[in-house]
Amino acid sequence: PGAVYLAAALAGHSQKGLPAFGIYGQDVQESDDTNIPADVAEKILRFARCGLAAASMKGTSYLAMGGTSMGIAGSIVDHDFFQKYFGIRVESIDLSEFVRRMERGIYDQKEYEKALKWVKENCPEGVDYNPKKRSRKQKDKEWEGSIKMALIARDLMIGNPALEKMGYIEESRGHNALVGGFQGQRNWTDHFPNGDFPEAILNTSFDWNGIRQPFMVATENDSLNGISMLMGNLLTGTAQLFADVRTYWSRDAVEKATGHQLQGTAKNGILHLTNSGPSALDWTGEATQNGKPALKPFWELTPKDAAAMLNATKWCASITEYFPGGGWSSDFLTKGEMPVTMCRINLVDGLGPVLQIAEGHAVNLPEEVHDILDQRTNPSWPTTWFAPRLTGQAPFESVYSVMNNWGANHGAICYGHIGADLITLASMLRIPVDMHNVETTNIFRPSAWSRFGALEPQGADYRACENYGPLYK
């Protein structure tokens with residue numbers, strides 16, 4: 001009776017070096033009470049979600065389409081990291097494979113025609129901000145290339161039986177990639193359409209074939225952001241947002257630039273999350289739950305939701321200064337007041353991987369305020385205004401501090417407050433968490449973690465992860 005058996009079992013597992021999760025309810029129950037208390041149910045479901053996420057990754061691949069973008073060292077793909085911590089192998093293809101398939105027609109021709117018709121009907125063009133406009137003929141050619149790139153990237157990731165019927169047996173197999181990344185800049189984008197449309201449409205929960213599971217494709221082949229996106233997707237089933245953590249706007253700076261005083265959720269300052277256009281259209285926030293903007297898992301999405309997202313999105317001709325080869329950037333503004341979680345895995349020499357987490361909300365700004373601030377970066381790109389939840393303790397004592405402590409130029413953003421799930425999943429994968437704003441009562445890790453320092457849980461997390469090492473070492 002009581003906790004004796006549980007405590008004995010957990011002690012044995014700790015002694016044998018086998019980290020185990022223990023669930024001990026807060027209240028004593030009668031022996032004939034078959035109800036599962038809420039606190040116990042929450043931990044059971046959290047363990048199940050995270051366990052399934054970890055198991056789903058094993059035996060799959062990360063497909064690196066190209067090399068390191070623009071020499072960004074933080075985006076270098078580390079093969080050993082993926083294999084040891086996730087059971088994911090890294091497979092790589094040179095971007096010349098896209099050229100080969102585009103020039104030789106190694107894609108489903110019928111689907112291409114279907115996709116092209118769908119794009120013409122559903123993807124309206126936005127403002128062309130280039131001083132020198134590209135011709136209509138050139139823009140049409142860029143649409144055609146962008147659609148072919150999307151088809152080819154998908155086929156490379158998961159294969160396509162249609163290619164086998166065309167005689168391309170090897171190409172039809174794909175790479176069993178659960179996540180991938182496209183290099184783009186600059187070797188590709190100086191000559192060919194950029195990867196924004198392929199990335200955006202693949203990351204979205206629908207395309208010309210209807211509603212489907214979103215892919216996880218990282219722009220600039222940022223594999224660490226890609227795996228962070230995958231973690232959020234496996235925990236929620238929703239499309240993920242790839243974005244630059246680009247600018248911190250303080251209350252004073254916003255007022256100086258626009259005359260507007262930030263209020264409500266945004267009162268302490270905001271982060272501008274934007275990138276050149278690879279964002280999933282789900283992040284328009286046009287789907288609703290209980291009458292409020294939301295992102296739905298793909299199995300709950302409706303054709304009406306998809307139509308609303310398309311209507312809220314414009315496709316702007318890429319800025320030639322950035323992308324001499326042309327292409328198209330998705331342009332939309334995320335609806336505010338949605339709960340969101342930003343995360344990112346970083347690799348640190350001598351330490352290994354660390355995960356950072358920031359829960360908060362997407363926020364609304366007056367249209368004229370958004371327009372002024374958006375012009376400071378690029379108005380042809382999608383924008384999400386993000387206000388992390390502050391706790392009064394470093395690094396969440398201010399929005400500036402969150403920005404200043406963020407470990408890279410990119411962030412993976414997921415709908416909902418999933419920080420507690422991410423912490424549990426990270427402990428399963430033996431990845432310590434260096435910053436988060438999750439309530440301590442919601443943190444659920446293996447019981448052995450307390451033996452590494454119950455008085456300082458963050459330090460204990462680092463020591464436990466170092467002691468046990470990667471899951472697949």
So Tyr62 and Phe82, would you call those rings parallel, tilted or perpendicular, with 30° and 60° as cut-offs?
tilted

Anything under 30° is parallel, anything over 60° is perpendicular, the rest tilted; go ahead and classify Trp208 against Phe197.
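Ring orientation, 0 to 90° scale: parallel.
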
For Phe98, which of Tyr107, Phe192, Phe182 qualifies under ring pair (Phe, Tyr, Trp, His ring centres under 6.0 Å)?
Phe182

If the test is ring pair (Phe, Tyr, Trp, His ring centres under 6.0 Å), which one of Trp143, Phe323, Trp381 qualifies with Trp328?
Trp143

Does a salt bridge link [X] with [Y], judged by any charged N lying under 4.0 Å from a carboxylate O?
X: Arg46; Y: Glu42; result: yes
X: Glu164; Y: Arg173; result: yes
X: Lys117; Y: Glu121; result: yes
X: Lys292; Y: Glu337; result: no
X: Asp128; Y: Lys139; result: yes
X: Arg136; Y: Asp140; result: yes
X: Glu111; Y: Arg154; result: yes
X: Glu171; Y: Arg104; result: no
X: Arg344; Y: Asp434; result: no
X: Glu97; Y: Arg100; result: yes

Tell me if the centroids of the rings in Phe242 and His410 come within less than 6.0 Å of each other.
yes

Are the aromatic ring centres of Tyr85 and Tyr472 under 6.0 angstrom apart?
no

Report, as yes or no, whether the 6.0 Å neighbourhood of atom NZ on Lys133 holds more than 12 heavy atoms from other residues, nucleotides or ligands.
yes

Do Arg212 side-chain atoms and Asn209 backbone N/O form a donor-acceptor pair below 3.5 Å?
no

Between Asp190 (side chain only) and Pro324 (backbone N and O only), is there a donor and an acceptor less than 3.5 Å apart?
no

Cation-pi, Tyr112 ring and Lys148 (6.0 angstrom, 45 degrees):
yes

